[in-house]
Amino acid sequence: MSNPLFPQIEYLETVDSTNAYLKRRILSGFTNCGEPFSCAAKEQTEGRGRNGRKWLNTDGALMLSVAVCLEDHAWQAPLASLAAACAAKDTIDSSGCESVIKWPNDIVCIHESGYSKLCGILCELVQSPCGSWFAILGIGINANAVAVPENLLQPATSLRLETGRSFDLDEMSVLLYKAVCSRMDMLKNDKYALLAHYRKNCFTLGKNVRAIEKDGKDICGIAEAVDDFGRLIIKPENGETVTVTAADVSLRLI
Ligand code: BT5
């Protein structure tokens, strides 16, 4: 079903995964490189996280994916995931909830005891049968839940738990879609402006971190910089700086 006032987003009751749904659309050739297209679902039966992990439904969550055509996927794809983080943060800021970006694209709320995950982002790259490349930017925000899953890798939270208010998900989906389009335009027009904005909002920078890379390599040190390719530069206490492309990074706040 689509909203006649905002046809760019297709609203679904239940789907396996909003990312998988858009991927099928792209692979079946029903796409062009015009305006980004999007879908949102009330429930996912196989919500996906990174590296084969799962994204769990919470009550009244916003789960939205946006497919954006890339002119040059080689440099735009890795930075698209940072643009998506900026867009999710824009939308969350407008809800009045204070949050920060944890590299590369988790949005978390900082508490005295540590931090809790409010939003997760999964970016995937797909090529359509006609050869165009699309970034599928899938964003899950725990919005209206009064209870969130327990025993996760890190504690979860919701906008409702943080602010005490509840939110209109249709309105928020339009805000999020527009924010994604606007941050992706920023990336395409001036990637340094997008990077500067990202760095200003990336809480990880300057913090003591532990990064576990895909091959299991474990690196502890200070997160010194995010380079122009979106990679995290870590300076271990004793040793050379390490450049991390894809890793699970935890902040050591205490
Ligand atoms: C992510 O992966 O955080 C990416 C999540 C992306 C979800 C969106 S929803 C719309 C679109 N369609 C999809 O199928 N996916 C995207 P990762 O960094 O790997 O984190 C996954 C981990 O987060 C899990 O292993 C859990 O520990 C935790 N987790 C799962 N569900 C959660 C939730 N609702 N709130 C907070 N943490 C959660």
Side-chain angles (χ1 to χ4, degrees), residues 9-26 36-68 80-82 84-85 87-89 91-92 97 99-111 114-126 134-162 169 172-173 176-177 179-180 204 209-214 232 244-251:
I9 305 175
E10 186 177 352
Y11 291 93
L12 308 162
E13 281 294 318
T14 301
V15 70
D16 51 354
S17 147
T18 53
N19 268 37
Y21 183 82
L22 292 189
K23 190 173 179 180
R24 286 194 290 273
R25 255 188 78 176
I26 292 166
F37 53 96
S38 173
C39 73
K42 285 192 181 154
E43 184 193 45
Q44 297 186 124
T45 54
E46 288 168 50
R48 301 194 327 216
R50 296 177 304 144
N51 303 329
R53 289 187 288 254
K54 290 188 189 335
W55 184 255
L56 305 173
N57 296 306
T58 56
D59 285 341
L62 180 58
M63 294 179 287
L64 175 120
S65 297
V66 186
V68 185
S81 93
L82 307 192
K89 170 108 167 61
T91 309
I92 289 165
C97 174
S99 66
V100 297
I101 300 174
K102 181 167 84 67
W103 184 90
N105 55 20
D106 277 350
I107 312 283
V108 302
C109 295
I110 307 290
H111 302 127
Y115 58 92
S116 309
K117 183 157 165 168
L118 178 65
C119 163
I121 299 176
L122 173 67
C123 298
E124 295 178 289
L125 189 62
V126 181
F134 288 85
I136 303 179
L137 310 176
I139 301 170
I141 301 178
N142 296 323
N144 291 327
V146 286
V148 285
E150 290 175 4
N151 305 320
L152 299 174
L153 291 176
Q154 72 189 65
T157 188
S158 71
L159 293 177
R160 173 82 182 266
L161 290 171
E162 297 296 322
L169 295 181
M172 196 179 279
S173 62
L176 182 56
Y177 171 89
V180 169
T204 308
V209 298
R210 176 175 185 199
I212 301 176
E213 290 191 284
K214 266 189 174 167
L232 188 66
V244 173
T245 305
D248 290 315
V249 170
S250 53
L251 301 167

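Nothing fancy with the numbering, it's 1 onward along the sequence. Order of listing sets the numbers, starting from 1, for every ligand and every atom in it.
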Ignoring hydrogens and geometry, is there a side-chain-to-backbone donor-acceptor pair from Ser158 to Ala145 under 3.5 Å? yes
Heavy atoms, side chains only, cut-off 4.5 Å: are Leu159 and Asn144 in contact? no
Could you tell me whether a side-chain N or O of Asn105 sits under 3.5 Å from a main-chain N or O of Ala85, the two making a donor and an acceptor? no
Considering the heavy atoms of Gly47, write down every atom of ligand 1 situated less than 4.0 Å from one of them. 14 (O)
Would you indicate which of Lys54, Lys23, Arg48, Gln154 comes nearest to atom 22 (C) of ligand 1 when only heavy atoms are counted? Lys54
Which of the ligand 1 atoms, numbered from 1, are nearer than 4.0 Å to a heavy atom of Gly138: 8 (C), 11 (C), 16 (C)
Counting only heavy atoms closer than 4.0 Å, does ligand 1 sit against the backbone of Val148, its side chain, both, or neither? neither
Could you check whether any side-chain N or O of Tyr115 sits under 3.5 Å from a backbone N or O of Leu251, counting only pairs where one atom can act as donor and the other as acceptor? yes
Atoms of ligand 1 less than 4.0 Å from Asn19 heavy atoms? 11 (C), 12 (N)
Quick check: does Ala156 get an N/O under 3.5 Å from an N/O on ligand 1? no
Among Leu22, Asp16, Ile139, Leu152, closest by heavy atom to atom 37 (N) of ligand 1 is Leu152
Which residue and non-hydrogen atom of the protein lie closest to atom 31 (N) of ligand 1, and at what distance in Å? Leu56 N, 2.9 Å
Below 4.0 angstrom, N of the basic side chain to O of the carboxylate: do Lys54 and Glu46 qualify? no
Would you mind running through ligand 1 and noting each atom that sits below 4.0 Å from a heavy atom of Gly140? 8 (C), 9 (S)
For atom 2 (O) of ligand 1, find the nearest protein heavy atom and state the residue, atom name and distance (0.1 Å precision). Arg50 N, 3.1 Å
Nearest-contact summary for atom 11 (C) of ligand 1 - protein heavy atom, Å: Thr18 OG1, 3.2 Å
Of all the heavy-atom pairs spanning Ala88 and Leu176, show the shortest one and how long it is. CA-CD1, 3.9 Å
Enumerate the atoms of ligand 1 whose separation from the nearest heavy atom of Thr58 is less than 4.0 angstrom. 34 (N)
Looking only at heavy atoms of Pro149, does any of them come nearer than 4.0 Å to an atom of ligand 1? no
Is the closest side-chain heavy-atom distance between Gln154 and Val108 below 4.5 Å? yes
Atom 25 (O) of ligand 1: which of Glu124, Met63, Arg53 has the nearest heavy atom? Arg53
Within the 3.5 Å criterion, strictly below it, is a donor on Glu43 or Asn57 matched to an acceptor on the partner's side chain? no
Give the numbers and elements of all ligand 1 atoms closer than 4.0 Å to a heavy atom of Asn142. 33 (C), 34 (N), 35 (N), 36 (C)
Is there a side-chain contact between Leu12 and Tyr21, using heavy atoms and a 4.5 Å cut-off? yes
When distances are taken from atom 38 (C) of ligand 1, the protein heavy atom at minimum range is Trp55 CZ3, 3.4 Å
With Asp248 as partner, the option from Arg210, Lys214, Arg53 fulfilling salt bridge (Lys or Arg N to Asp or Glu O under 4.0 Å) is Arg53
Proximity of Ser65 to ligand 1 by residue part, where a heavy atom lies under 4.0 Å: side chain
Please could you name the atoms of ligand 1 that Leu153 approaches to less than 4.0 Å, counting only its heavy atoms? 25 (O), 27 (O)
How long is the span from the OG1 atom in Thr58 to the CZ atom in Arg160, to the nearest 0.5 Å? 12.0 Å
Locate the shortest heavy-atom distance separating Thr245 from Trp103; write the atom from each residue and the value. O-CH2, 3.4 Å
Under 4.0 angstrom from ligand 1, any heavy atom of Asn51? no
Considering only heavy atoms, which of Gln44, Glu46, Lys102, Lys117 lies nearest to atom 1 (C) of ligand 1? Lys117
